[in-house]
Amino acid sequence: MSRLFLRTLRDDPADAEVPSHRLLVRAGYVRRAAPGIYSWLPLGLKVLERVEEIVREEMDAIGSQEVRFPALLPREPYEASNRWTEYGPDLFRLKDRRGADMLLGPTHEEMFALLVKDLYSSYKDLPLSLYQIQAKYRDEARPRAGILRGREFVMKDSYSFDVDDAGLEASYAAHREAYVRIFDRLGFDYVVVQADSGAMGGSASEEFLAVAETGEDTFVRSPGGYAANVEAVTTVVPPALPYDDVPAAHAEQTPDTPTIETLVDHLNEAFPREDRPWSAADTLKNVLVVLQHPDGTREPLAIGLPGDREVDAKRLETQVSPAEVLPFEEADFRAHPALVKGYIGPAVLGEESASGIRYLVDPRVVEGTRWVTGADVEGSHVLDLVAGRDFSADGTIEAAEVRVGDPAPDGSGPLELARGIEMGHIFQLGRKYADALGLQVLDENGKLVTVTMGSYGVGVSRAVAAIVEGAHDELGIVWPREVAPFDVHLVVAGKEPALFEAAEKIVAELEASDIAVLHDDRPKVSPGVKFKDAELLGMPTIVVVGRGLADGVVEVKDRASGARRDVPVDAVVDELRAVCR
Ligand code: ATP
Ligand code: MG
């Protein structure tokens, strides 16, 4: 440590919101170069490389072959797949000196498909699986939490190539097993959830989430084993209801009721029900947004949903992707005079209506359901408005929030909500990219068939932070041995030359046994400061060569449990060999 390029910091970085960010910067593992862009310092680089090595071993074990593409890429392949446009502002674009458009790769489906197309032409060449571990670039809207969500980050991305669907399923299954081994080895508490494949477009898709309160992803699980990303949850659609007995819809005066709460209060006062009080779930609220499509066009969209639920921004974004969701502004209201703010009802919504605005409703709005909703007149609502009788929508949309207790779509019980960090994503891409880029091979009958692809990612740099999210205490990081930069942190506590000599000897013997030691040999640093650093840096075993040496012992401490013991100096190397295996 007297030579190591390291400065531990006493204070948390000002922008740190989560423990991993705080600790990795304070312990000198990473250093911010620009927002969302980090440099790896010696200790951090060792951890990153250990994570990479685990990923590499497991990818090699399923027969995937490592390659490495450039990060700086030409526009054309991404133009062919339409992602030059669809990626929107997340894509780092630049021009070379001749004015040609270039980009920094956010993910490499196109490049892999083209490489295989370039070199392979027969079904005999398949199946094939290729991977790389490399920096990716995304101009994230909200770079956050240090390396958890960076604008430059390290990803392992792999791609499988098969002639038919059965082949794709086998490749997918092999990847899934490799991922289970990777995340087991990395020591994560993780769940595998059904995912929405979003902009990539595809079928089967699962995410590996590290369970963490600081995670940005919300997932659901049921007692019966259903688990899904909240974006992928589908609503259990209730059966249609009979409505022969429902009176005709009638508009009523409901002055000063621009919010659901004021409306429900007013209904209970002015139109009390006999069976039960009115609740927000009896109202149909209509939320307006603007979709901005990748080509720049703006399209207003109305979403009808039960008044006791909010629109979930992430679920909505997933549904309308690649369009972006923008707020519906005052100017948009002025452009649509049929809309009366706070009192908007289905009568003025829909492609065929006065506003012409596309109207999508929550799947719970089934035929026969009966609603209180806006009458399109200031201070007035309609009661007994029946779906399918009095109004219809242009379609349904899964944009309402998912709540604790909602039924799992597969009937496996009520849902519970938890948070996680997306560590990996596997999915069956199908033929989308192969079609766009003309990746075909000759099949057994000499007929050209389009190759079917899978795409699989692991957030390698994100894993370093996610491990720390689950492995720290108030003193610092507590590395799992599999990824720790060193096995042993050896502290010389004292000034006497005998201590340094004894330490040198132990270090040499440990290293001869392939045990990596971080030796705190700093001569002028107090034991207290050294102990603090050892705890902050987080090696799994701490050895202290100090006062006890006079009695022939050194102290061995387990960083995770805090348990410490004196071990005879002659026995310490054997002891550590056993611990570090
Ligand atoms: P997220 O929803 O977190 O933005 P994503 O769906 O965009 O992730 P993929 O495109 O599937 O992610 O990328 C594969 C993996 O790369 C992810 O599972 C994640 O672990 C990692 N990853 C994605 N974006 C980032 C980022 N900005 N910083 C660090 N790692 C990332
Ligand atoms: Mg993303």
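Order of listing sets the numbers, starting from 1, for every ligand and every atom in it.
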Numbering as shown, the atoms of ligand 1 that approach M423 to under 4.0 Å (heavy-atom distance): 18 (O), 20 (O)
Nearest-option assignment for atom 25 (C) of ligand 1, heavy atoms, candidates E422, E231, K314, R462: R462
Location of contacts on L148 toward ligand 1, heavy atoms closer than 4.0 Å: backbone
Pair R481-T541, side-chain donor/acceptor within less than 3.5 Å: yes
M155-ligand 1 polar pair, N/O distance under 3.5 Å: no
Plane angle bin for F427 and H425 - parallel if under 30°, tilted between 30 and 60°, otherwise perpendicular: tilted
Distance, nearest 0.5 Å, that separates CG of D139 from CG of L91: 9.0 Å
Candidate with minimal heavy-atom separation from atom 10 (O) of ligand 1, of R138, H425, E152: R138
F153-ligand 1 polar pair, N/O distance under 3.5 Å: no
Winner among R151, K136, K156, R149 once heavy atoms are compared against atom 1 (P) of ligand 1: R149
Ligand-residue contact atoms, ligand 1 with G424, heavy atoms, under 4.0 Å: 18 (O)
Contact check, S461 vs ligand 1, heavy-atom distance below 4.0 Å: no
Between N229 and Q194, a side-chain donor and acceptor under 3.5 Å: no
Pair S122, D125: side-chain N/O donor-acceptor within cut-off below 3.5 Å: no
For E140, atoms of ligand 1 separated by under 4.0 Å from a heavy atom: 24 (N), 26 (C), 27 (N)
Check: T8/D533 side-chain N/O donor and acceptor closer than 3.5 Å: yes
Side-chain donor-acceptor pairs of residues 9-18 under 3.5 Å, sequence neighbours excluded:
none

I147, any N or O under 3.5 Å of ligand 1 N or O: no
R50 to W479, cation-pi by 6.0 Å centre distance and 45° axis angle: no
